[in-house]
Protein chains: 2
Amino acid sequence: MADNKKVTIRELAKRAGVSEATVSRALNDSPRVKPATKHKIQQLAKTLGYRPNLLARSMRTNQSKTIGVIISNIANPFFTAVVRAIEDEAATLNYRTIVINTDENPGTERQAIEMLQGYMVSRFIIASTRRGVDYHLLLGRTPAIFIDRLPNNNGDYDTLLVNNADGAKQVVNALIAQGATRIGVISSSVSTAGQERLAGYRMALQENRIAVDENIIKCSDVQMRRVRRYTSNLLINQACDGLFTADNEIFLAAMAEITARNLTGLKLGTFDNAPWFDFLALPVTAVQQPTVEMGTRAVQRLVARINGSDKLDEPELIRLSVKLVKRN
Amino acid sequence: MADNKKVTIRELAKRAGVSEATVSRALNDSPRVKPATKHKIQQLAKTLGYRPNLLARSMRTNQSKTIGVIISNIANPFFTAVVRAIEDEAATLNYRTIVINTDENPGTERQAIEMLQGYMVSRFIIASTRRGVDYHLLLGRTPAIFIDRLPNNNGDYDTLLVNNADGAKQVVNALIAQGATRIGVISSSVSTAGQERLAGYRMALQENRIAVDENIIKCSDVQMRRVRRYTSNLLINQACDGLFTADNEIFLAAMAEITARNLTGLKLGTFDNAPWFDFLALPVTAVQQPTVEMGTRAVQRLVARINGSDKLDEPELIRLSVKLVKRN
DNA sequence: ATGAAAGCGCTAACAT
DNA sequence: ATGTTAGCGCTTTCAT
């Protein structure tokens with residue numbers, strides 16, 4: 001029965017008539033304790049409802065089997081998908097995860113990392129906010145792996161990105177194949193991913209010997225209102241018959257404008273596939289990001305780094321490939 | 001400069017030529033230390049890059065200003081919206097939050113709560129998984145507030161729900177006003193919310209003197225395939241001209257079926273409004289849940305309970321009202 | 001205004 | 001196979 005007072009190792013030791021050390025060993029399933037004793041103690045712990053004080057344990061061992069996951073926008077389906085994969089893989093490898101959302105705010109990001117370090121969390125998976133955070137200062141040699149975005153101090157940490165340029169190139173190529181002749185683009189200046197996707201757009205045009213017109217390239221902060229303005233500018237003033245948006249947030253804003261103005265006959269392409277694209281009147285060709293692979297590999301690599309199981313002296317930059325979902 | 005070795009209070013004390021106690025007081029901005037000394041110590045801490053060991057502090061004080069947030073599905077936009085509101089309000093009130101996702105798994109939920117308790121987290125906001133978790137045993141008198149779903153041991157904890165029945169009634173009334181004469185419903189048996197929404201559906205029909213036909217009422221686990229089967233059954237075999245889905249997941253699956261079969265002329269209603277409903281050919285009338293209010297009030301109430309600032313002896317069940325977004 | 005000392009619960013040498 | 005002991009970094013009486 002659960003007594004009111006909290007059960008500690010000392011308490012168990014007293015009741016079992018053994019030392020605290022033996023209890024600790026029994027609870028940690030050490031081979032250095034007699035099976036009978038071990039069993040007895042474990043039983044007792046269960047009956048008394050013993051809960052280890054993880055604080056004390058971490059403090060003593062100077063580590064907590066916990067991975068800090070720092071993401072920049074919890075409302076973005078891309079990130080939640082990655083987070084779920086991270087959680088799954090971490091659980092498999094017997095790690096805990098703590099997720100903190102920074103809302104693209106570098107200050108919050110710094111605080112979050114410092115806070116977790118205060119809790120002895122010493123492995124991180126980070127989707128960096130804007131450039132401007134000095135991870136050297138913050139992390140030192142703490143194992144960390146960056147996802148989705150190239151961090152400020154790249155080259156010093158493992159980084160896991162998708163092949164943004166290639167994905168963008170594929171989408172734009174598909175739009176061209178569908179007959180689009182003048183394709184506008186709206187990208188994000190917030191992350192490195194946005195710039196790479198823009199580069200991919202240019203590559204596709206060049207491959208198809210289409211002149212790049214800087215007037216139909218828009219790249220800035222993702223702000224609903226601004227994206228809507230860009231959209232009408234591109235599709236009406238600039239007479240584009242195709243539009244490539246660099247992520248799901250931009251796509252949403254652009255679609256709002258397209259719907260409001262009742263524009264039709266367009267070829268749309270975007271990063272971040274979503275199930276509801278199937279329901280739209282306009283066909284959307286979309287890049288499906290490998291969220292599960294990204295989350296899974298991030299955890300695996302982090303854990304490998306810790307155990308030093310494979311010799312990974314040099315931090316690596318890994319590119320995952322993307323999949324194209326065509327609709328027309 | 002950031003030395004390699006970690007800076008502790010002892011280190012600061014040595015360097016400042018004062019006792020550890022004084023350093024601790026200075027760092028905590030206690031009035032019991034001379035302003036000059038305080039300032040000097042705080043400066044030193046900054047220069048040396050001192051980071052408090054939160055583990056040690058929590059262990060000593062037996063509390064951590066951290067709220068554990070247990071949600072059942074991080075991929076559900078409803079929950080992520082609530083989480084963001086929780087984070088915002090918590091930050092304002094100077095609390096930390098730790099979010100853990102249980103994926104509707106009661107085992108994971110139990111583990112998560114125990115784990116956090118091990119870290120001295122002693123206030124929780126919980127979106128319960130299926131009934132079957134005994135919160136008395138798990139939480140005891142630990143302050144906790146339940147959101148979205150009525151927990152097993154209701155009456156013992158504060159609970160914050162939306163007015164599910166009323167929301168459902170409003171949607172169904174709207175569908176009837178739009179001319180639907182035979183409205184099927186698909187709800188979820190996973191949570192208490194699903195049952196309440198079903199009750200609201202029945203109320204609306206009764207108010208409008210429409211006979212309730214049990215053949216067009218479907219309620220079960222939310223499984224993509226099953227929902228799709230229900231959908232075609234209702235809309236084709238049962239010849240419904242309207243459909244009410246009880247949450248965003250069900251709606252997504254139903255829309256997949258509707259799109260695949262190219263069904264038209266339907267009146268659709270659902271819980272959980274989404275921006276992209278504006279882009280659909282079929283008009284969707286949707287209940288907008290008060291996610292911000294729910295998150296904000298959950299935190300406020302939890303903190304009030306802790307401080308005992310207002311006398312809230314009895315746990316309360318609070319219902320938040322919803323908003324209807326009509327489209328036709 | 002400051003210091004000395006105890007102790008939170010746990011684990012890991014180092015005994016026995 | 002088990003016990004003794006020290007100590008992680010911090011806060012907090014109780015002295016001075």
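Lettering follows sequence order; numbering is per chain, from 1. Computed from a prediction, not measured in an experiment: that's the story for all the values here.
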Atom pair [atom1] ([X]) and [atom2] ([Y]), whose distance is rounded to the nearest 0.5 Å:
X: B:Ile74; Y: A:Ile74; atom1: CD1; atom2: CD1; value: 4.5 Å
X: B:Ile100; Y: B:Leu116; atom1: CD1; atom2: CG; value: 4.5 Å
X: A:Ile147; Y: A:Asp158; atom1: CD1; atom2: CG; value: 12.5 Å

### B:Asn28 side chain vs B:Ser30 backbone, donor-acceptor pair below 3.5 Å
no
### Query
Can you name the residues that form a salt bridge (charged side-chain N to carboxylate O under 4.0 Å, His left out) with B:Glu293, not counting sequence neighbours?
B:Arg297
### Message
On DNA chain D, does the nearest nucleotide to B:Arg10 precede the nearest nucleotide to A:Ser19 from the 5' side, or the other way round? Give the residue.
### Response
A:Ser19
### Query
Under 4.0 Å between a Lys/Arg side-chain N and an Asp/Glu carboxylate O for A:Arg149 and A:Glu104?
yes
### Query
Between A:Asn62 (CG) and D:dG9 (C1'), how many Å, whole number?
10 Å
### Protein-nucleotide distance (B:Met120, atom CE; D:dG9, atom C1'), rounded to Å
16 Å
### Query
Earliest and latest nucleotide of DNA chain C, 5' to 3', sitting under 4.0 Å from a non-hydrogen atom of chain B?
C:dA1 to C:dG9
### Query
What string of B, S and - do you get for nucleotides 11-16 of chain D 5' to 3' if you count protein non-hydrogen atoms under 4.0 Å?
BBBB--
### Query
Do B:Ile126 and B:Ile113 have side-chain heavy atoms sitting under 4.5 Å apart?
yes
### Task
Using heavy atoms to find the nearest nucleotide of DNA chain C for B:Lys34 and B:Met59 separately, return the residue whose nucleotide is more 5′.
B:Lys34
### Query
At under 4.0 Å between heavy atoms, what does B:Ser58 touch on the DNA or RNA strands: base, sugar-phosphate, or nothing?
nothing
#### Entry: Aromatic plane relationship, A:Tyr135 with A:Phe146 - under 30° parallel, 30 to 60° tilted, over 60° perpendicular
perpendicular
